[in-house]
Each structure stands twice: as C-alpha cells, then as structure tokens.
Amino acid sequence: MPKITFDQVAKSYGSVEVLPPFDLALDDGEFTVLVGPSGCGKSTTLRMLAGLETLSGGEIFFDEKPISKLEPKDRDLAMVFQDYALYPHMTIAKNMSFALRLARAPKSEIEEKVRRVAEMLNIAPLLDRKPAELSGGQRQRVAMGRALVRDAGTFLFDEPLSNLDAKLRGKMRAELAEMRDTIDKNMVYVTHDQVEAMTLGDRIVVMSDGLIQQQGTPEELFKSPVNKFVAGFIGSPSMNFIDGELVDDDGKTWVHGDGFKLPLDLDISARMNDVQTRAVTVGLRPSSLTTDISRGAPIELKVVVSEYLGAQSVLVTRCGGADVLVETQSTSPVRAGSVQTFGVLTNEIMIFDKASGLRL
Amino acid sequence: MQSANVNRLTPYLFLAPAALIMAVALLYPIGYMIYASFLDWNPSQRIGEADFVGLRNYVNLLSDAAFLESFWVTIKFAAIVVSVEMFIGVGLALLLDRNIRGMSLLRTLFILPMMIAPIVVGLMWRYMYHPTVGIFNRTLKSLGFETVPWLSDGSWAFASVVIADVWQWTPFIFILSLAALQSLPQSAMEASRIDGATGWQQIIHIKLPLMMPVLIVTLLLRLIDAFKVLEVILVLTNGGPGLSTEILSLRISRTASEFRELGEAAAMSNFLLILLMLLTFGMFFYNKAVEVRAARLRAAAEED
Ligand SMILES: Nc1ncnc2c1ncn2[C@@H]1O[C@H](COP(=O)(O)OP(=O)(O)O)[C@@H](O)[C@H]1O
Ligand SMILES: [Mg+2]
C-alpha cells in the first residue's frame, strides 16, 4: 500500500492539452475519489496511474519509486472498468482467477480465494456461467470480484456504478462503503456523481476542465468550498447563485440584489472589508433557507413549483430573475404561485467574487 | 382480406425475377452436369446421342489411379497451403495490429498480391522460377549456391506452387484477422494487461480465443477456395512434372479436353462439388450453432 504522488504530471493528445501539469498526493490506505463533470480528465488521470496511458510530462511515485516507465502488471494494482471489461469467453470463475492463474498461484489457493470473494459478493451460484449470461448488476459484481481476488496494493475504480439503474446503484454504493471500511488498501475511485463521492470518499478531489479545483474531506468541501464551481458541484440539490452587490448601511455589511437585501454575519463582513470588489455572487444552499422566518433574515420568494419527494419537498422559487431552490419539510405545505417570505440562515451564506468565482 | 393476401405475396413477386435467373444460371448447369455424369459422352456427340451408363463413371473413378493421385495431391495442397497461410496471416495480423506511423501503408502493401489476377500471378512466378534467367536461380548462382529445379522436379514443383499460392492468399487471412483483432473489446485487453498478462499470454488467452469464430470461417472459406485452385498451377506447371502438381480441377479439364471423356469429367466435377458442399455445410452449421448459442445466452441473461 504505497503512498502515491503525482509530480507535475501532464497529459496531451497531440496538440490538445487535456491535463495541464498538476500535483496530487494520495495517502497510504486512503479512499480517494476523483469527481468532476464528464470530460474533465478523471479517467485519463486514473489510466495514467494504471499505466494504460503514457505521461506527457512529470512523474508518478509509489512511495519514493518512480513508476511511469513500469508496465501495468508491475504496478501492483487492480482495476474495475466502467464497462466491466470481463473476458467474454471465460466463465465467471475463470474471469476472477485470471490474474492468479497467470501468476501461477497454487490451484487450491486460487479456488479458495475465488470462493471467498464470490460468497462475499453473492455471486457464488454464477461461477460456471459466461459473462453474457449475467445481468448488468451481476456483471458489475463480477468485475468487482475480479479485482478483489487479487491482493493488489492499490484498487482503481473508473465509474463502476454508472451503468446500473438508480436502485441498484444505491445498493452497490452502500456495499462499497462497507467494503471500504473492511479492506485496508489504497483505493482511487472516479465518478461524475457527487453523491457517490460524498458517501464513499475519505478524501475528494474535485476536478474541472483538467484542473484540480479543490481537495479535502467531504465535510470540508461542503462547508468551505474554495470557489463557485466546487460549491455548485458538491451538495444536492445544488447551491443557488444570485448576483448582488456589497453595500455598507446602518453600520453593517449587506449584500443587495434584485429582490433581496441580506445582512452578513460579522465574521463574513470582516472578510469583505479586505476585498476591493463589490460585485459578488451570493451562494445559498437550498437547506440554508427555511419556512420558519424567525430563524433567519427575511427574503421574499415567488414559489413556482413544489416538487414533492416524500418527507421533504423541493420548492422551485424565483428571486428577481434568478431561480432559487428551497428544501422544506413536506409537513408545512407551500402553495405554488404564491409569494412567501422565507428565512435565510445568515451564517451559511457564501460570497463569491462575481468575476473570478473565488470564494471571498 | 384480398389486399392482405396481395401484400403477403408482394415480396415474392419482387424476388421472382432474381429467383428465375438463379434457377437458369445455377441449377440448369448443375443439373446438366449431374445428368452428364451418367453418360458415356464424347465431345463429337450431341448430348442426346450419348449412351446412358448409370453409375459406371463413378465406379471407374474409384479405381482410376491417376484420379486418386490427383485427389490426394489436391488434399495435400489444400491442407498445406491453408495451414501455412493461416499461420503466417494470423501471425502478421498480430504483429501489425498497432498504431505506428506508416502502418496503414504497410497494410495496403500486404494485401496487394490478392488483387492480382491469378493468371498474372502464375506468369510472374513462372518467370521468377525460370531455371536460368529466373530471379531465384540467378540469385542462388551469384551467391555461389547450386541452382534449384523449381518447376522441373516433382517435389520442388509442388513446393513451388505452394509458395506461389501462399504468397497470393496469405493477405486474405491477414486482413480478416486484422479486422477481427481491431474489433476485439479494447477494455478486456486493458484488463488483461492489468491482470498481469504478457504480450504472449494476451495472444494465447484473450486474442486468439476471441478471434476464433472469425478464424474458423476464414479457414473454411480458404479451404473451399484451395480445393478449386486452377489458374496459377495451370500456368506454372500444368500439373507436371508427372502428376506431382495435378490438382483435381486440372485433372477434370484434361479429362474433358484431352481424353475427351465428358461423362467421366462430369463425374469428377460432382465429386469435387460434393466435397465443397460438405465444407460449405460445415461452415453453415457452424454459423448456425454460434447464432443459436448467442440467442440462448441472451435469453438466459434477460431472465435474471
Ligand atoms: N485517446 C484520446 N484522444 C484524444 N482525446 C482524448 C482521448 N481520451 C480522452 N480524450 C479527451 O480528454 C478529455 C478527458 O477525458 P476523460 O479523462 O475520459 O474524461 P472523464 O473525466 O469523463 O473521465 C476529454 O476532453 C476527452 O475528449
Ligand atoms: Mg471517464
């Protein structure tokens, strides 16, 4: 279980620079999630780590050892592919034992390991079948099993759940989370789904357009995103952004915009005194708005749609020209079409520079 | 009701002209040949004047040493050329299945021989095999070796026609194998690299098994073709020396034109036809079996 370090690693295809040089350090035994929208270079990063793509610059180290010239098989890793990549002509048992058979492990040991992993993943009855005879969810388990049978130091996952339906995905996500706690290995997991990232990651690396935007624990990313991209990407439903302006009035700092004027808490306004810019974007999480106006600063919103999700509802409302989502308990129903006053939890307001998107 | 009937008939109506032409162009000659194989018929007679001799032509064949010899030559020829071509063709495809600059030009060059008319191939090789001015013997001589009787010695002549055929038809196997290789699931290949397979292990455990359906069909196609080979050998050796390179189609043509035994020639043709039909049926049933298996697998997968 080496400590993995990317040192100024870069990747270009021809003249197209997909990943500008970046640094990244993954601690030993950590579950790291690379998350970001489709096309941002997550798979490329993972595939360079696996040795399936060459590096255009920089070096990757396992502990102190440079590995960019090593073949995939010499890097001591196992990988689960997005499309599972099972060997179509081999039975499930043969698929799972392929690596061990190549390594000439003793037959009894191979059988024992395959059986143990198959039981853990509930695929023991399928061992004699071919991949074509399995459903999508079963194939996914086999792909997982094929990686787990090996005693590799590092496990790589490239969007392993993205081809499953929502229900199965939720189930597998929970199983993965459980596995994460029982298996003490390096795991690097790529996904575009921030829910997966938040539930699975010890540490999350948020990427966009080939750049690492921020890395940290799920809580750090949620509570203190460094920029508008991370703030909007992490959290569901995603954060509301409304353009506004900082104004000083009545001895306090306010943020003022089309249809709202909100007071800033002391610690935030103290930070605002240090910056030049007055044109800002206000970030409000749907959970920072409440129907209980006694708990926060008042804001008037026109309710457009109420999406009932069960215990909770998401209100789509309008504030001036901007859409604002509000998360409420379904027990206090709100009529669509009405204009209502909501309370804003001012300590959860985030202020971003309108031009650069950086959090102030 | 009426219009439904018409609708159902429409496709057959459209097929009818093609079916008619097929029947006339294909079935008529075959029927003619089968009928002729029961006659004692020489080319100066009209077919109506020939005597009906039943199965005599077929019985004669089985005791005709020259026919049996040429049958054996054909089998030997087909088996050897197809094995060698498969080996080299698949091998080359495995070697050249990579993206290096200039590879596409190289691939195009490799398939050129297949595009040359067989007669021309025959003539070309005949010049190259020429005992005094041919390139092979000239080269051997200038290097100080003995010259080789390429076309004038029985064993050498057989080897020479094998070489010419391998030169012409290896590309066929090469392109089909290359196409098969390039359509293999890329991620399975990557998975095997991560699982620790070396280049060889990848070929043996992943590539070849996955290519197998294409390889089997290619093999059968080539076998069918090899049994029918004529032009190159006709031009190179005309079956000689002796009977050493007299393959079945040559024997048939000689029986008809030289020995003037049209009935006997027809019987031989039927013999060859039956052989080829067996191979074709083999291919057909293999394809059928693959399809049925695929359908069964799909059905099983959907049940879960
Ligand atoms: N083989 C390739 N050739 C050229 N461009 C590529 C290649 N593979 C990926 N890219 C580009 O690199 C970018 C990142 O791709 P990828 O790492 O697959 O993104 P994702 O984050 O969705 O996994 C994309 O813009 C993609 O178009
Ligand atoms: Mg990807």
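These values consider heavy atoms only, across backbone and side chains, with no hydrogens, waters or symmetry-generated copies. Letters go in sequence order (proteins before strands), and every chain restarts at 1.
Within 6.0 Å of the CD atom in Glu109(A), the count of heavy atoms belonging to other residues, nucleotides or ligands exceeds 12. A 6.0 Å sphere centred on NZ of Lys107(A) holds no more than 12 heavy atoms belonging to other residues, nucleotides or ligands. Counting heavy-atom neighbours within 6.0 Å of Gln182(B) CD, excluding the residue itself, gives a total above 12. Around the OH atom of Tyr286(B), the shell of radius 6.0 Å holds more than 12 heavy atoms that belong to other residues, nucleotides or ligands. Taking a 6.0 Å sphere around CG of Asp128(A), one finds it holds 12 or fewer heavy atoms contributed by other residues, nucleotides or ligands.
Between Ile206(B) and Met90(A) the shortest side-chain heavy-atom distance falls below 4.5 Å.
Atom CG of Asp158(A) and atom CD of Glu190(B) lie 10.0 Å apart (nearest 0.5 Å). Note: Phe98(A) CZ to Ser192(B) OG = 6.0 Å, rounded to the nearest 0.5 Å. Separation of atoms CG (Asp195(B)) and CZ (Arg146(A)) is listed at 5.5 Å; rounding is to 0.5 Å. The NE2 atom of His205(B) sits 11.0 Å away from atom NZ of Lys94(A), with the distance rounded to the nearest 0.5 Å.
With a threshold of 4.5 angstrom between heavy atoms, Leu86(A) approaches chain B through N, CA, C or O but not through any side-chain atom. For Arg75(A), no part lies near chain B; criterion is any non-hydrogen pair under 4.5 Å. For chain A, the nearby part of Gln201(B) is the side chain; its heavy atoms alone come within less than 4.5 Å.
Between Pro185(B) and Pro88(A), the shortest heavy-atom contact is CG-CG, 4.5 Å. Closest of all the heavy-atom pairs between His89(A) and Pro209(B) is CD2-CB, 3.4 Å.
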| message | What verdict does the side chain to side chain contact (heavy atoms under 4.5 Å, CB included) test give for Arg193(B) and Glu71(A), after you've listed the backbone C-alpha separation in whole Å, the side-chain angles of each residue and the deciding distance to 0.1 Å? | response | CA-CA 8 Å; Arg193(B) 282 178 68 194; Glu71(A) 281 290 306; 4.0 Å; yes
| said: With side chain to side chain contact (heavy atoms under 4.5 Å, CB included) as the criterion, how do Leu52(A) and Ile194(B) come out once you've worked through the C-alpha distance, each side chain's angles and the decisive distance to 0.1 Å? | reply: CA-CA 8 Å; Leu52(A) 298 172; Ile194(B) 292 197; 4.0 Å; yes
